[in-house]
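Structure, as structure tokens:
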Amino acid sequence: MEYDFRQIEQKWRKRWADNKTYKVTEDLNKPKFYALDMFPYPSGAGLHVGHPLGYIACDIIARYKRHEGYNVLHPMGYDSFGLPAEQYAIQTGQHPSVTTSVNIDGGIDENGNIKPGGLDKDGNVVPGYRKQLDLLGFSYDWDREVRTSNPDYYKWTQWIFALIYNSWFNRDTNKAENISTLIKKFEENGNQNVNAVCDDDWFAQLPKEKFFFGKDWQGDFTATDWTSMNEEQQQLLLMHFRMAYLADSWVNWCPALGTVLANDEVKDGKSERGGHPVEQKLMRQWSMRISAYSERLIQGLDTIDWPENIKEVQRNWIGRSEGAKVEFTIENKKSKIEVFTTRPDTIFGVSFMTLAPEHELVLQIATPEYRAAVEQYIAGAKLKTERDRQADVKNVSGQFTGAYCIHPFTDEKIPVWIGEYVLIGYGTGAVMAVPAGDQRDWDFATKFNLPIPNIFEGVDISEKAETSKEAVLANSDFLNGLAYKAATKKIIAAVEEKGIGQGKVNYRMRDAVFSRQRYWGEPFPVYYTVGASKNEIPYLCDDNDLPIVLPEVDKYLPTESGEPPLARAKDWVYSPHPQPLSRGEGGVDPWNQWQTANKEIWGKLKERARDMRKNPTETEDIIWQHVRNSQLGFKVRRQHPFKEFILDFVCLDKMLVIEIDGAHHMNDEQRVLDDARDLYLGFFGFKTLRFSNEQVLLDTHEVLTIIKTELEKRPSLKESAEGTPLSSGEGQGVRRMEYNTMPGWAGSSWYFLRYMDAHNDNAFAAREKVDYWNQVDLYMGGAEHATGHLLYSRFWTKILFDHGYIGFDEPFKKMINQGMILGRSSFVYRLSTYCFQFNLKVGLVILPSKLPEIFVTKEIHEAIENEVLSNGTRMSISSLLHELAKPILEENTNWIFTTVFDEKMDYENIPNPTTTNIHADISMVDNDVLDEEAFKASREEYANAVFIRNDEGKYICGWEIEKMSKSKYNVQTPDELVEKFGADTLRMYEMFLGPVEQSKPWDTKGINGVHNFLRRFWRLSHDADNNFVVSDAEPTKAELKTLHTAIKKVTEDLNRYSWNTVVSTLMICVNELTEQKCSKRQIIEPLCILLSPYAPHIAEELWEKLGNTTSITDAKWPAFNEAFLEVSSFDYPVSFNGKTRFFLPLGVELSQEEVTKAVLADEQTAKFLEGKAPKKIIVVPKRIVNVVV
RNA sequence: GCCCGGGUGGUGGAACUGGUAGACACGCAGGACUUAAAAUCCUGUGGCUGUAAAGCUGUACGGGUUCGAUUCCCGUCCCGGGUACCA
């Protein structure tokens, strides 16, 4: 093969990995560029061609920037906590860490053996994300890989949680501050001058019996009040100010599934999955006070270069609206109703008030005669989920409370109603209803015959409300004659003067619930002191004790009493390192269980370990001489089997493993396996120290010191087991851990920071590294995270910024969203054999031993569907089926064809035939033609399938564009295409498909064109016998022009992130060079660099063949020279009244006047002037000439 | 309903600040090479009229601004995405 891409790509994959070509270190002498992809969740399904689209685009920019001389940070990792692994664990009992590791690292170990859990549901070996990614030639620095489920990583997620927990939001400084500054304020002045973002009604939520304040206390306290509170009271109070806080929230609880469901997982009061009933349950949940940042999150959008639609979605989500808060006093009552309105100017049109059914005042104000009706209404509303209420928007419902409040300006009595259309979660949960100016109020008023006073000048409100802001007010006292803007200003001033309200900005965004009743997520670094107090107050674990590692549990399900899975870790209590082992039922160590269950393997392992002890390596011996009991005072074992591993050294009491890594550890795959092992052992509480042979030989002393220090630092298992409060029976002060875990978005909210310093054990990242890499310069990913990840990471960034840990408060400077690549599904149409059989009985019977599956064409499928749908004409279908039977019978001569008449047949009720469309695996379909043999072999029941073919004897499949998914059998994996065409071709083709932002169906039709381009490029420097031939001759002007045109356009297009047009440009360049028969070094070499971001393997290969000894990755981007593009003449299109008529080559140096003269002098001009005189001649130099006649 | 995108050949798409519409590729048609096929190469390819030269027409539709509009403005239709008793 001339262009042997398989050999080339394999060679460079290895070379890049061996040489660590893409490793990057901080270098203050170079400008930096941070190119980041949204890291994937490693699902078992693996990658399809849609996933790499963004990765390829980002990789191209990363490589380009590196050519441009930037120090480029381009990392990759995995968002590895999440639901699918947990669900799989529930079904199979397999630990999610195993599933996760298999999904990332692949289902086969280094010896080619299938790992536990290495097969997917269909029994195929899981290829693993890493291998799939490696195939595509990305320039990732894998040394910086992060996995959110790795304890080394989530240690810092927990640390950030603790930071947020210890924060409050100071409105005066407009930022988050340490809670200590708030405490100081309390100590000095009580809450007199505290301007904090907190729960509005925090004082109402405090348990009254624990506080000395009276019933009508409105939340003010003095320094003395504060200092006289005990620890518990102070903590309870502070909780309402913390940025991460614990509060009772209403959640969707599904007992059958044993979990809380998000709102979108609930449909019609039942779970979307399984249809189990869902009830509203008040649960103590962690929340994040993201609402404190509403304003800054909106403002920040103006400082970042993001797609406008994402910004818009975030703006809408935050939902800023300006208006006013106004109080209405209730007749004969002390309490007031507070409303928020964006139209305070319409206050003279208020004819009633509406409260949300959940509003706390409702039961207080309802008069006795209406009380029963009100209670009934509330009960009805409670039964409905929020979704239901939204579903029947059209059914206006409401109930009068019997109470009235007083209009603050007119002193009129206004009836107070309750209505479902008012939501408790927005504003104050109460509305001043202005039916003239709001459609919902209008509908409500109309339904319940409430007055609709007109407050607009010359507007008819008999049919609908007047909602425009242009309408001029009337019947509005001092606002008459004004429109929205002026009136609002005036009314807010009046309201403030009366002391009944003030102008206010309201936000739609709620605080984010932060806890989940799941197993596979970050544990909270939080414990409760059980027994000491009825009110469980959370306490933070000490930073030194992080990470709080996930405990082992017997099942990944909630407990029967509804507690989260972590509650199954029976003795899970907070104590210093190491985490106490969780023991299975009956107090048996999990690994002892394993040993009993796997006797045979266990025996072999022990044997093997014995053998290994007999043949120690040199380095093992060095360590052994020093760590054995006599030397250190700790019992250390050598080559000790533990579960399915043999540990080099282990001190069981201190749960410390020491591993000596041979050269094989440098091998990426081995390292990944080792890491997985460390992680796994981590679940049992073990810590692993790793040293290389070189380290042991060269820095023996240091290595031993590390081991010694670690052994001394770690508390003894014996001691901690004895010291466990639970083991001494019940009692005061048992510190049990928080059983909830963090949501999926916790780990992904800050991962971009960890890449900067991925292995730092002392900080989430060193400040100087964060300062160097700074913001992400290009962030690629899907738009579906607009209100999730992209909002939360902005939020966490702002908190870290406020606390001075990082120097920027927006994480992603520029973002581009890649579109989705859709699949093209193929369909076959199966005729329902029952009806086939039945119908055929009318005229004929086919009698094979077993009736085969019959697949009809799309046309017949549609004909049957339509016929049945239109009038159910049976005659025509019978004849259709008759026709169908013919070819089948011709093909299957052993079938008997007879005519029978069945007397029992109910001719009136012959069922209509039906067809079902079934997804056919696209690997069995080529150009819509079904590979019948492959299809028959795919399933047992299809073995004798019969097909209705077209004239050419082919079965043509139908098709549809759908989302790519395994269940639709339309997944195209990159692996197959890399094997067939090479990674370079696939990379270029995915870019060539169109703008990355656009969604488009996947279609391999054009891939040949791109592949041919690379082959033509290869042939530029190779002769017919595939010998490498380049000449050192000086390039011609034409060749230089071709090259520099490409340099200019490629550079420009990459700078404006126009990936697809670059491919065209490169094609044009190669096409021209082919025509020029150019194989000159001075042209080919720079062209290789231009191509290298897109097709790194082939570029690198030719680069090497050209005699370069260093990687093309570091080659300098070719400089563009304007001089080569200069032309002496330009072919002016001459148009008359805008219509191009002919072309006229003229010197580019000519002035406008000279061009005009030349055009007029040309004989063709005369022809198109038709004797008339030109009115005007427009000349755009080097562009166009337009003659106006 | 509201907000944001988008409508260009048979197909994916290009045309960057108004300046030759359809680059580049796929597909299709014809041809060369070949026993044949594949591969490769050449030619043509928006529509209509025409043997041709050429002409007309053409960027969802209708109008406007302009010497000139796919591009800017107004209105209409269609498609996609987001979002909703948010007061």
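Just so you know, these numbers come straight off a predicted model, no measurement behind them. The sequence lines fix the lettering, A, B, ..., with proteins before strands; numbering per chain opens at 1.
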Parallel, tilted or perpendicular: rings of A:F1136 and A:F1142 (30°, 60°):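 Tilted: the ring planes of A:F1142 and A:F1136 meet at 30° to 60°.
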Plane angle bin for A:F352 and A:F444 - parallel if under 30°, tilted between 30 and 60°, otherwise perpendicular: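 Answer is parallel, since the angle falls under 30°.
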Pair A:Y377-A:S397, side-chain hydrogen bond (donor to acceptor under 3.5 Å, both in side chains): steps then yes or no: CA-CA 9 Å; A:Y377 184 80; A:S397 78; 2.6 Å; yes
Between atom [atom1] in [X] and atom [atom2] in [N], what is the gap in whole Å?
| X | N | atom1 | atom2 | result |
| --- | --- | --- | --- | --- |
| A:K1005 | B:C28 | NZ | C1' | 12 Å |
| A:Q314 | B:U83 | CD | P | 12 Å |
| A:E997 | B:G81 | CD | P | 18 Å |
| A:F1013 | B:C24 | CZ | P | 14 Å |
| A:F1168 | B:C56 | CZ | P | 9 Å |
| A:D1053 | B:C24 | CG | P | 15 Å |
| A:M1067 | B:C26 | CE | C1' | 10 Å |
| A:R1016 | B:C24 | CZ | P | 11 Å |

For [X], report the nucleic acid contact type (base, sugar-phosphate, nothing); a contact means any heavy atom under 4.0 Å.
| X | value |
| --- | --- |
| A:R440 | base |
| A:Y1132 | nothing |
| A:N1071 | sugar-phosphate |
| A:N1060 | sugar-phosphate |
| A:K311 | nothing |
| A:K1139 | sugar-phosphate |

Cationic N near anionic O, under 4.0 Å, A:E1154 to A:K1157: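 No.
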For a 4.5 angstrom cut-off between non-hydrogen side-chain atoms, does [X] reach [Y]?
| X | Y | value |
| --- | --- | --- |
| A:H407 | A:I347 | yes |
| A:L791 | A:H785 | no |
| A:L355 | A:I337 | yes |

Residues A:D438, A:R343; criterion side chain to side chain contact (heavy atoms under 4.5 Å, CB included); working and verdict: CA-CA 9 Å; A:D438 184 289; A:R343 293 298 300 274; over 6 Å; no
Anti versus syn assignment for B:G82, with syn defined as within 90° of 0: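 That one's anti.
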Expressed as a whole number of Å, how far does the [atom1] atom of [N] sit from that of [M]?
| N | M | atom1 | result |
| --- | --- | --- | --- |
| B:U8 | B:C2 | C1' | 29 Å |
| B:A69 | B:G62 | P | 15 Å |
| B:U66 | B:G19 | C1' | 12 Å |
| B:U76 | B:G12 | C1' | 29 Å |
| B:G44 | B:G6 | P | 35 Å |

Derivation and outcome, salt bridge (Lys or Arg N to Asp or Glu O under 4.0 Å), residues A:K1000 and A:E990: CA-CA 11 Å; A:K1000 54 221 146 200; A:E990 290 218 11; over 6 Å; no
Nucleotide of [options] approaching [X] most closely (side-chain heavy atoms):
| X | options | answer |
| --- | --- | --- |
| A:P995 | B:A84, B:A14, B:G82 | B:A14 |
| A:S321 | B:U40, B:G19, B:A87 | B:A87 |
| A:I1068 | B:A87, B:A23, B:C56 | B:A23 |
| A:T1140 | B:G82, B:A87, B:A21 | B:A21 |

List, one per line, each side-chain donor-acceptor pair under 3.5 Å for residues 1009-1018 of chain A, sequence neighbours excluded.
from    : atom 1 : to      : atom 2 : distance (Å)
A:H1011 : ND1    : A:F981  : O      : 3.3
A:H1011 : ND1    : A:T985  : OG1    : 2.9
A:N1012 : ND2    : A:N1008 : O      : 3.4
A:R1015 : NE     : A:E2    : OE2    : 3.4
A:R1015 : NH2    : A:E2    : OE2    : 3.2
A:R1016 : NE     : A:N1071 : OD1    : 3.2
A:R1016 : NH2    : A:N1071 : OD1    : 3.2
A:W1018 : NE1    : A:E2    : O      : 2.9
A:W1018 : NE1    : A:N1026 : OD1    : 2.9

Dump the pairs, protein N or O against N or O of nucleotides 65-68 of chain B, anything under 3.5 Å, distances to one decimal.
from  : atom 1 : to      : atom 2 : distance (Å)
B:C67 : O2'    : A:N1186 : ND2    : 3.2
B:C67 : O2     : A:N1186 : ND2    : 2.6

Comparing A:R1019 and A:T428 on RNA chain B - which has the more 5′ nearest nucleotide: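 Nearest-nucleotide comparison on RNA chain B picks A:R1019.
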Per-nucleotide protein contact string for nucleotides 2-12 of chain B, where B marks a base within reach and S marks sugar-phosphate only (heavy atoms under 4.0 Å, - for neither): -SS-------B
G-U wobble or Watson-Crick pairing nucleotide for B:U40 (cut-off 3.5 Å, both distances):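 For B:U40, the partner nucleotide comes out as B:A32, under the 3.5 Å rule.
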A:F1143 and A:Y1132 aromatic centres sub-6.0 Å: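 No, too far apart.
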